[in-house]
Amino acid sequence: MSTLVFVEHHFSESGEGELQKGSLGILAKAAQLGGEVAAVVLGSGVEALAAEAGAYGATTVYVADDPRLTAPLPQPRVDVLAALVQDKAFETVLFAQSILAADMAAGLSARLDAGLNWQLVDIVSEDGTVVGKQSALGDSVLVDVGWTSTPRLALFRAGIVDPVESGGTAGVEKLEVRFEEHSLAAEMLEQAHEESSGPSIEDADVIVAGGRGLGAPEGFGMIEELAKALGGAVAATRAVVDAGWYPYSAQVGQTGKSVSPKLYIACGISGAIQHKVGMQGSGTIVAINKDANAPIFDFADLGVVGDLTQIAPKLTELLKARR
Ligand SMILES: Cc1cc2nc3c(=O)[nH]c(=O)nc-3n(C[C@H](O)[C@H](O)[C@H](O)COP(=O)(O)OP(=O)(O)OC[C@H]3O[C@@H](n4cnc5c(N)ncnc54)[C@H](O)[C@@H]3O)c2cc1C
């Protein structure tokens with residue numbers, strides 16, 4: 001069995017690089033399959049970062065370091081991945097959820113005519129057969145999914161597994177890159193960065209989410225304060241992103257993102273099924289809602305019935321004082 005994990009990275013404004021927590025977590029999943037586990041890091045100026053993947057379970061880290069891999073565009077990366085997967089005959093290729101990874105997985109699937117299962121919450125080896133676990137019917141059942149041929153491609157749901165440091169080291173192998181002409185045709189003209197100081201909702205251990213109960217867009221100010229006090233990220237319901245109160249990238253739910261932080265604090269959120277499916281995998285769910293009959297209290301672990309405009313700032317104040 002040989003498994004390759006695509007490990008994504010970020011660069012901060014100051015130029016400091018970091019491997020994405022979600023993809024390091026997937027290395028731990030790959031290790032559960034047994035056999036050889038390798039990672040691949042693709043970008044520009046990433047060689048120094050690559051070795052770090054060894055501490056999370058990869059025995060070999062392949063690195064393609066090329067200026068043409070600077071922009072987060074999928075096609076040049078598909079060229080490198082396709083050649084690597086074919087050359088080393090990897091049987092399984094795993095991706096953590098991200099916009100770039102989803103584009104790459106789809107591109108690789110088309111390029112290699114390989115099956116892709118997505119939104120997996122787990123992957124296991126059962127009697128020598130690799131089986132993916134996909135959650136369905138509003139997360140009430142787990143469905144087994146499989147592949148009829150290799151390489152098997154899989155894209156995981158966001159935040160399903162934390163990285164586990166194994167303390168190992170990896171051999172780093174530099175890849176020769178060759179690009180198809182059409183793969184370099186797309187050019188990134190501009191990249192806008194959202195102003196945010198905390199973790200992304202995919203990576204955060206704590207999420208504070210706001211809904212229509214905030215009353216107005218300005219209500220997100222107190223949600224941001226609370227999230228900051230907890231070192232967490234801010235999420236939102238579709239009702240408020242549709243109303244233009246908060247960016248779409250923060251939407252959690254059926255038509256937004258699926259998240260599973262350790263703690264999810266829902267403020268002024270009714271708990272509609274379409275929101276629930278995106279956050280019910282959270283470790284502990286705390287709901288603040290003034291309506292004791294709000295559906296969210298049916299699946300929250302802890303509930304506070306009251307006015308969030310009173311409770312949220314008080315909570316922030318207490319957290320700050322405690323620190
Ligand atoms: C096809 C489809 C896809 C959808 N996809 C999504 C999705 O991905 N994500 C999503 O979130 N929704 C989605 N929805 C919408 C979903 O059905 C709900 O309409 C939405 O989640 C409701 O958002 P909300 O909880 O913010 O608002 P509401 O349902 O209006 O709830 C507001 C809550 O705030 C409480 N409240 C009011 N004032 C206060 C106060 N001062 N203090 C405390 N509590 C207060 C109220 O009691 C109420 O429970 C989808 C719907 C459809 C049809």
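Order of listing sets the numbers, starting from 1, for every ligand and every atom in it. Heads up: numbering here begins at 1 and tracks the sequence.
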* **F299 six-ring centre to K276 NZ/CZ under 6.0 Å and within 45° of normal** =>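 Yes.
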* atom 19 (O) of ligand 1 protein-contacted (non-hydrogen atom, under 4.0 angstrom) ->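 Protein heavy atom within 4.0 Å of atom 19 (O) of ligand 1: absent.
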* Asked: Should we say atom CD of E126 is surrounded by more than 12 heavy atoms from elsewhere, each under 6.0 Å from it?
  ->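 Enclosed.
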* **Test applied, side-chain hydrogen bond (donor to acceptor under 3.5 Å, both in side chains); reference residue, D79; option that passes from R68, R178, R111** => R111
* Could you walk me through whether E173 and T60 pass side-chain contact (heavy atoms from CB on, under 4.5 Å), step by step? => CA-CA 7 Å; E173 274 191 42; T60 308; 4.0 Å; yes
* Asked: Does a side-chain N-to-carboxylate-O contact under 4.0 Å join E317 and K320?
  ->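 Salt bridge: no.
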* Asked: Are the charged groups of R77 and E8 less than 4.0 angstrom apart, N to O?
  -> no
* **side-chain contact (heavy atoms from CB on, under 4.5 Å), paired with V286, selected from L263, D301, V208** => L263
* Asked: Do G268 and ligand 1 have an N or O pair less than 3.5 Å apart?
  ->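 There is such a contact, yes.
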* **Polar contact flag for V240 and ligand 1 (N/O pairs, less than 3.5 Å)** =>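 No, there is no polar N/O contact under 3.5 Å.
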For [X], counting its heavy atoms only, list the atoms of ligand 1 lying under 4.0 Å from any of them.
X    : value
G253 : 7 (C), 8 (O), 9 (N)
G256 : 8 (O)
G211 : 26 (O)
T255 : 3 (C), 4 (C), 5 (N), 6 (C), 7 (C), 8 (O)
D307 : 40 (C), 41 (N), 42 (N)

Distance from [X] atom [atom1] to [Y] atom [atom2], nearest 0.5 Å?
X    : Y    : atom1 : atom2 : value
H9   : L100 : NE2   : CG    : 9.0 Å
F95  : L155 : CZ    : CG    : 8.0 Å
E91  : M1   : CD    : CE    : 6.5 Å
Y248 : T255 : OH    : OG1   : 9.0 Å

Identity and distance of the protein heavy atom lying nearest [atom]:
atom                    : value
atom 24 (P) of ligand 1 : T237 OG1, 3.6 Å
atom 53 (C) of ligand 1 : Q274 NE2, 3.9 Å
atom 1 (C) of ligand 1  : Q254 NE2, 4.1 Å
atom 45 (C) of ligand 1 : K290 CG, 3.7 Å
atom 22 (C) of ligand 1 : A239 CB, 3.9 Å
atom 9 (N) of ligand 1  : V252 O, 2.9 Å
atom 2 (C) of ligand 1  : R238 NH1, 3.7 Å
atom 27 (O) of ligand 1 : R212 CB, 3.5 Å

* **Option with minimal heavy-atom separation from atom 8 (O) of ligand 1, where the choices are K257, Q310, Q251, H275** =>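 Looking at heavy atoms only, Q251 sits closest to atom 8 (O) of ligand 1.
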* Asked: Given A272, S258, G278, S270, which one has a non-hydrogen atom that is nearest to atom 28 (P) of ligand 1?
  ->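 Selected option, by shortest heavy-atom distance: S270.
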* Answer with side chain, backbone, both or neither: which part of I273 has a heavy atom less than 4.0 angstrom from an atom of ligand 1? => neither
* Which class fits the ring pair F90 and Y62: parallel under 30°, tilted 30 to 60°, perpendicular over 60°? ->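 Taking Y62 first and then F90, their aromatic rings stand perpendicular (interplane angle over 60°).
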* To do: Apply ring pair (Phe, Tyr, Trp, His ring centres under 6.0 Å) to F179 and list each qualifying residue two or more places apart in sequence or on a separate chain.
  =>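 Residues passing ring pair (Phe, Tyr, Trp, His ring centres under 6.0 Å) with F179: none at all.
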* **ligand 1 contact by N289, heavy-atom criterion under 4.0 angstrom** =>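 Contact present.
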* To do: Could you tell me if any non-hydrogen atom of G306 lies under 4.0 Å from any atom of ligand 1?
  => yes
